[in-house]
J.: 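Sharing a structure with you now.
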Amino acid sequence: MSLPRAYIMNILAELRSRFEPVLTEWTDDPSSVIEMLKASQDAKFGDYQANFAMPLAARIPELKPRDLATQIVEKVDLSDFCEPLEVAGPGFINIKLKQDWLNTQTQNLVADERLGVAAAEAPQKVVVDFSAPNVAKPMHVGHLRSTVIGDANYRVLKFLGHDVVGDNHIGDWGTQFGMIIFGYKHFLNEAAFEEAPVTELARLYRLVNQLSDYHATKNAIPKKEEDINQQAEKLQSLESSADLTDKKIQKQIKKLKADLGESQAELTSQQESLTELEANEDLHSKAIAFPEIARLAREETARLHSGDAENIELWERFLPQCLDAIQTVYDRLNIHFDMTLGESFYQPLLADVVADLKQKGLAKESQGAICVFMQGIEAPFIVQKQDGAFTYATTDLATIKYRVEELKADRVLYVVDSRQSEHFKLLFATVKEWGYSDLELQHVSFGTVLGKNKRPYKTRSGDTVGLESLLDESIESAYQIVSENDDAKPDGPELNDAERRQIAEVVGLGGIKYADLKHNRDSDYVFDLDKMLANKGDTATYMQYAYARVCGIFRKGQIDRSALRDHQAALTLVDESERALALQINRYSEILESVATEARPNYLTNYLFELSNLFSTFYNNCHVLKAEEEAVKTSRLLLCDLTARIVEHGLSLLGIGTCERM
RNA sequence: GCCCCCGUAGCUCAGUUGGAUAGAGCAACGCUUUCCUAAAGCGUAGGUCGCAGGUUCGAACCCUGCCGGGGGUACCA
């Protein structure tokens with residue numbers, strides 16, 4: 001029999017709700033300062049701390065912060081679960097949980113399948129828009145962040161009881177299809193297409209792209225040379241005539257020099273790429289045969305969009321194959337979408353969107369295009385181009401309309417590169433004016449994945465790194481580590497090859513995902529496979545190892561975990577390391593709440609790392625199976641069980657697996 | 001030109017919205033295995049939080065200026 005859920009308290013929420021009414025005596029809006037009650041940064045200040053006495057006292061001239069803190073403490077009654085409150089320093093209120101209460105509270109978690117995490121009282125309909133690759137191009141590292149961060153947010157929101165829809169807004173209608181269609185019509189290798197259609201389509205895309213780039217670069221070179229000459233002249237005249245002691249002039253010169261150097265480097269690399277292509281006879285002859293290839297490809301796109309029968313037929317033939325190809329990547333990563341409504345799905349709705357915007361006076365003609373202008377933003381939001389074609393802005397608006405009217409969304413998360421923040425600023429502003437003011441829109445932006453050279457992650461030849469080969473490499477490298485470690489075990493290896501392979505898969509994929517998720521999503525981060533799989537430090541492996549160690553204890557002790565839970569034995573925290581571990585276990589729900597509101601999975605990775613860390617200390621200090629007394633042993637087993645369940649569950653919310661042995 | 005982001009230990013990064021002596025991992029140095037997996041634990045060392053002002057009881061965080069890096073900027077998505 002499980003205990004009623006009411007026995008399990010979200011400690012932070014409870015503390016805040018006890019303090020909040022008391023604060024009304026000093027402020028009209030206690031909710032604005034209540035968030036200053038939080039977990040202590042240092043265990044010596046107790047378990048939780050409240051810092052709001054200082055700012056509140058600052059508003060009242062004759063009141064000292066310390067005195068105010070004392071007054072607050074006198075009015076709040078927490079005696080049922082906390083030690084007497086302490087006022088420290090300039091007015092901090094330190095809160096420490098009663099030992100007996102923490103014992104019972106932790107014990108109650110054992111019987112709770114949700115590990116103390118209550119389902120949302122007011123569930124929202126949330127659309128998480130993530131991954132969104134261009135289907136005709138092979139996936140690369142750049143797609144990893146959106147996919148992995150989006151998936152983690154999706155899982156967390158869902159666990160918290162929200163009605164979540166994962167939508168893969170794929171690029172299935174853009175210019176890349178024009179390129180493929182053009183390639184198919186002119187350069188197809190039929191045998192290759194029969195053999196592996198997607199590989200051949202990817203080759204055609206690359207080929208057409210390469211040839212268009214060649215001409216674009218070639219045409220741009222004279223202008224580039226002219227620019228360089230102008231820059232050089234300007235620099236010279238500045239250096240010879242102007243006042244060199246003027247700081248502004250100095251700065252200008254410096255900047256000009258830097259620009260000039262950059263332009264020259266660019267020119268050189270462009271010339272090199274031209275020479276490289278020309279050295280390949282086959283490519284060069286194709287380039288000569290189709291000087292207008294970029295325009296021709298665009299025309300194929302235009303024909304597709306205007307309903308040309310042949311191009312539609314090709315598109316309908318290619319699309320399922322492209323979808324299958326990306327699906328194999330999602331299967332490997334264990335990523336699931338509830339719907340995949342790409343750009344093409346919204347095409348029939350676009351004309352109405354523009355008409356509606358015009359009718360409401362939001363959109364108007366400017367330089368031949370139909371634009372929405374938002375106050376305070378210089379750039380226009382172009383919903384229809386000069387040539388009559390719609391843009392991704394139009395598609396995004398239609399998508400929102402659909403999500404509100406058909407899916408009944410309350411909130412939409414866009415897990416998209418930070419470089420598109422200006423687009424989303426315009427999009428959200430427009431949407432508000434357009435009439436969907438209740439909808440909560442959030443650009444879950446993230447930084448660029450860099451190589452060790454701090455430039456965007458590319459191969460030496462400048463290509464993006466294919467995602468699949470990266471996964472292979474990671475798993476293979478994990479296999480080496482798993483094997484080495486198993487071979488080094490004191491009592492000899494424990495794993496057969498199939499087990500090693502299976503563990504390598506979990507460790508290899510987990511390492512890549514964890515590395516991405518542990519960083520604050522806003523910042524760029526350096527992609528370093530060796531660090532991701534390192535057999536030490538803050539990696540997925542560390543948490544997976546903690547989990548495997550618990551499993552080892554239960555295996556060695558021949559303990560049946562579900563029987564242990566049903567037994568309702570007493571949990572008593574004795575050692576300091578046990579108490580610290582238990583406190584962290586009790587904080588799981590707090591952390592998930594903060595992940596959900598800010599869409600920041602790194603709060604969870606950080607929490608799990610700390611949890612595993614506390615477990616390792618406990619594991620070292622407190623022997624479980626050889627505990628002095630039976631009651632202590634049982635109590636510690638309960639603690640192990642809870643730790644393992646949260647590690648496993650937390651990692652699963654990040655899309656990362658665990659193994660019983662490793 | 002205009003707009004946005006970043007600058008924290010040798011390296012890679014946290015820092016929960018203004019709180020107590022700025023943290024972690026890696027690398028370095030020292031210690032711990034008759035005992036549940038040492039993929040671990042414990043400890044030492046390492047900092048002018050880019051620089052200079054300002055706001056206040058208190059600033060890595062807010063404001064101003066400067067230095068350095070990245071990104072975006074009218075018809076690609």
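Chain identifiers are assigned alphabetically (A, B, ...) following the order of the sequence lines, protein sequences preceding nucleic acid strands; residue numbering begins at 1 within each chain.
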J.: Any stacking of H623(A) on C35(B), going by centres under 5.5 angstrom and planes within less than 30 degrees?
T.: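 Aromatic stack with C35(B) absent for H623(A).
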J.: Is the base of U33(B) syn or anti, if syn means a glycosidic angle within 90° of 0?
T.: syn
J.: Pick the P atom in C61(B) and in C5(B), then give their distance to the nearest Å.
T.: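 After rounding to an integer number of Å, I get 15 Å for this pair.
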J.: I want to check a possible cation-pi pair here: R549(A) against F615(A), using under 6.0 Å from ring centre and within 45° of the ring axis as the test.
T.: no
J.: Verify the contact: side-chain N or O of R549(A) to OP1 or OP2 of A38(B), cut-off strictly under 4.0 Å; return yes or no.
T.: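 Looking at the OP1 and OP2 atoms of A38(B), one of them is under 4.0 Å from a side-chain N or O of R549(A).
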J.: Side chain of N602(A), heavy atoms from C-beta onward: which of A39(B), A14(B), U37(B) has the nearest atom to it?
T.: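 Selected nucleotide (nearest to the side chain): A14(B).
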J.: To the side chain of Y542(A), which of C13(B), A40(B), A14(B) is closest?
T.: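 It is A40(B).
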J.: Answer yes or no: does a side-chain N or O of S594(A) lie under 4.0 Å from OP1 or OP2 of U17(B)?
T.: no
J.: Test for a donor-acceptor pair under 3.5 Å between the base of A74(B) and the side chain of S366(A), counting only N and O atoms.
T.: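 Yes, a donor-acceptor pair under 3.5 Å.
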J.: Under 4.0 Å between a side-chain N or O of K489(A) and OP1 or OP2 of A38(B)?
T.: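 For K489(A), the contact criterion (side-chain N or O under 4.0 Å from OP1 or OP2 of A38(B)) is not met.
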J.: Below 6.0 angstrom between ring centroids: does that apply to F618(A) and H623(A)?
T.: no
J.: Applying side-chain contact (heavy atoms from CB on, under 4.5 Å) to M179(A) and T175(A), what does each step give before you reach the verdict?
T.: CA-CA 7 Å; M179(A) 292 187 175; T175(A) 48; 5.5 Å; no
J.: For U37(B) and K556(A) - does any side-chain N or O of the residue sit under 4.0 Å from the phosphate oxygens OP1/OP2?
T.: yes
J.: Would you indicate which nucleotide in G41(B), U12(B), G19(B) comes nearest to any side-chain atom of T617(A)?
T.: G41(B)
J.: Distance check needed: G25(B) P versus N520(A) CG, whole Å only.
T.: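 Going from CG in N520(A) over to P in G25(B) covers 19 Å.
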J.: Between A74(B) and C67(B), how far apart are the two P atoms, rounded to whole Å?
T.: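 So the two P atoms sit 26 Å from each other.
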J.: For G41(B), does either OP1 or OP2 sit under 4.0 Å from a side-chain N or O belonging to N613(A)?
T.: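 True: N613(A) side-chain N/O within range (under 4.0 Å) of G41(B) OP1/OP2.
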J.: Using the C1' atoms only, state how far A45(B) lies from U56(B), rounded to an integer number of Å.
T.: 35 Å
J.: With a 4.0 Å limit, can you tell me whether Q49(A) has a side-chain N or O closer than that to the phosphate oxygens OP1/OP2 of G19(B)?
T.: no
J.: Is the aromatic ring centre of Y545(A) closer than 5.5 Å to the centre of the six-membered base ring of A40(B), with the two planes inclined by less than 30°?
T.: no
J.: To the nearest Å, how far apart are R419(A) CZ and G72(B) C1'?
T.: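 R419(A) atom CZ is separated from G72(B) atom C1' by 10 Å.
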J.: In whole Å, what is the span from the CD atom of E610(A) to the P atom of C13(B)?
T.: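 Computing the E610(A):CD to C13(B):P distance gives 20 Å.
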J.: Centroid-to-centroid, F373(A) to F381(A), below 6.0 Å?
T.: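 Centroid separation for F373(A) and F381(A): 6.0 Å or greater.
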J.: State whether N620(A) places a side-chain N or O below 4.0 Å from either non-bridging phosphate oxygen (OP1 or OP2) of C35(B).
T.: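 Checking N620(A) against C35(B): no side-chain N or O falls below 4.0 Å of OP1 or OP2.
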J.: Using a cut-off of less than 4.0 Å, is there contact between a side-chain N or O of T539(A) and OP1 or OP2 of A39(B)?
T.: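 T539(A) to A39(B) OP1/OP2: no side-chain N or O under 4.0 Å.
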J.: Taking the six-membered ring for Trp and the full ring for Phe, Tyr or His, determine whether the centres of Y392(A) and H423(A) are under 6.0 Å apart.
T.: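 Centroid distance Y392(A)-H423(A): below 6.0 Å, so yes.
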J.: Check R500(A) against L495(A) and note the closest heavy-atom contact, atom names and distance.
T.: NE-O, 3.6 Å
J.: Rounded to whole Å, how long is the line connecting atom CZ of F381(A) with atom P of G72(B)?
T.: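 Rounding to the nearest Å, CZ of F381(A) and P of G72(B) are 18 Å apart.
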J.: Counting only side-chain heavy atoms from C-beta out, which of G25(B), G19(B), C4(B) sits nearest to N51(A)?
T.: G19(B)
J.: For G70(B), take OP1 and OP2 only and decide whether either is under 4.0 Å from a side-chain N or O of Y525(A).
T.: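 Checking G70(B) against Y525(A), no side-chain N or O comes under 4.0 Å of OP1 or OP2.
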J.: Can you measure R561(A) atom CZ to C36(B) atom C1' for me and round it to whole angstrom units?
T.: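 Result: 14 Å.
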J.: Do N613(A) and Y542(A) have a side chain donor and acceptor closer than 3.5 Å?
T.: yes
J.: Between Y588(A) and Y607(A), is the ring centroid distance below 6.0 Å?
T.: yes
J.: Using ring centroids (six-membered ring only for Trp), state whether F52(A) and F19(A) fall under 6.0 Å.
T.: yes
J.: Paired with A74(B) by Watson-Crick or G-U wobble geometry, both distances under 3.5 Å: which nucleotide is it?
T.: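 Paired with A74(B), as far as the under-3.5 Å criterion goes, is no nucleotide at all.
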J.: Please report the distance separating the C1' of C26(B) from the corresponding atom of C3(B), rounded so that it comes out in whole Å.
T.: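 Those two atoms are separated by 37 Å.
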J.: Just how far, in rounded Å, is P of G72(B) from CD of E422(A)?
T.: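 Distance check: E422(A) CD to G72(B) P gives 11 Å.
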J.: U16(B) C1' sits how many Å from F609(A) CZ, rounded?
T.: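 Distance check: F609(A) CZ to U16(B) C1' gives 18 Å.
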J.: Which glycosidic conformation, syn or anti, is assigned to U32(B) if syn requires a torsion within 90° of zero?
T.: anti
J.: On RNA chain B, compare the nucleotides closest to A548(A) and E378(A); which residue's is nearer the 5' end?
T.: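 Per heavy-atom nearest nucleotide, the more 5' residue is E378(A).
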J.: Rounding to an integer number of Å, can you tell me how far E598(A) CD sits from U16(B) P?
T.: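 Atom CD in E598(A) sits about 9 Å away from atom P in U16(B).
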J.: Counting Watson-Crick and G-U wobble pairs only, both distances under 3.5 Å, name the nucleotide matched with A60(B), or none.
T.: none
J.: What is the pairing partner of C26(B), taking Watson-Crick or G-U wobble pairs with both distances under 3.5 Å in any strand?
T.: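 The base-pairing partner of C26(B), which may sit in any strand shown, is G10(B).
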J.: Distance check: side-chain N/O of K633(A) vs OP1/OP2 of C36(B), anything under 4.0 Å?
T.: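 Checking C36(B) against K633(A), no side-chain N or O comes under 4.0 Å of OP1 or OP2.
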J.: Quick check on RNA chain B: between T391(A) and Y619(A), whose nearest nucleotide comes earlier from the 5' end?
T.: Y619(A)
J.: Given the P atoms of A22(B) and A60(B), what is the spacing between them in whole Å?
T.: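 Comparing P positions in A22(B) and A60(B) gives a spacing of 9 Å.
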J.: If you only use heavy atoms from C-beta on, which nucleotide in A77(B), C36(B), A74(B) is closest to the side chain of Q420(A)?
T.: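 Between A77(B), C36(B), A74(B), the one nearest the side chain of Q420(A) would be A77(B).
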J.: Searching all strands shown, indicate the nucleotide that pairs with U34(B) (Watson-Crick or G-U wobble; both distances under 3.5 Å).
T.: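 Pairing partner, where one exists within any strand: none, as none qualifies.
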J.: How far, in whole Å, is C62(B) from G69(B) if one measures between their C1' atoms?
T.: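 Nearest-Å result for G69(B) against C62(B) at atom C1': 23 Å.
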J.: Can you check the distance between A20(B) and C11(B), where both ends of the measurement are the C1' atom (answer in whole Å)?
T.: 30 Å
J.: I'd like to know if N485(A) reaches the base of A39(B) with its side chain, counting only an N/O donor and acceptor under 3.5 Å.
T.: yes
J.: Taking atom C1' in both G7(B) and A14(B), compute the distance separating them and give it to the nearest angstrom.
T.: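 Comparing C1' positions in G7(B) and A14(B) gives a spacing of 15 Å.
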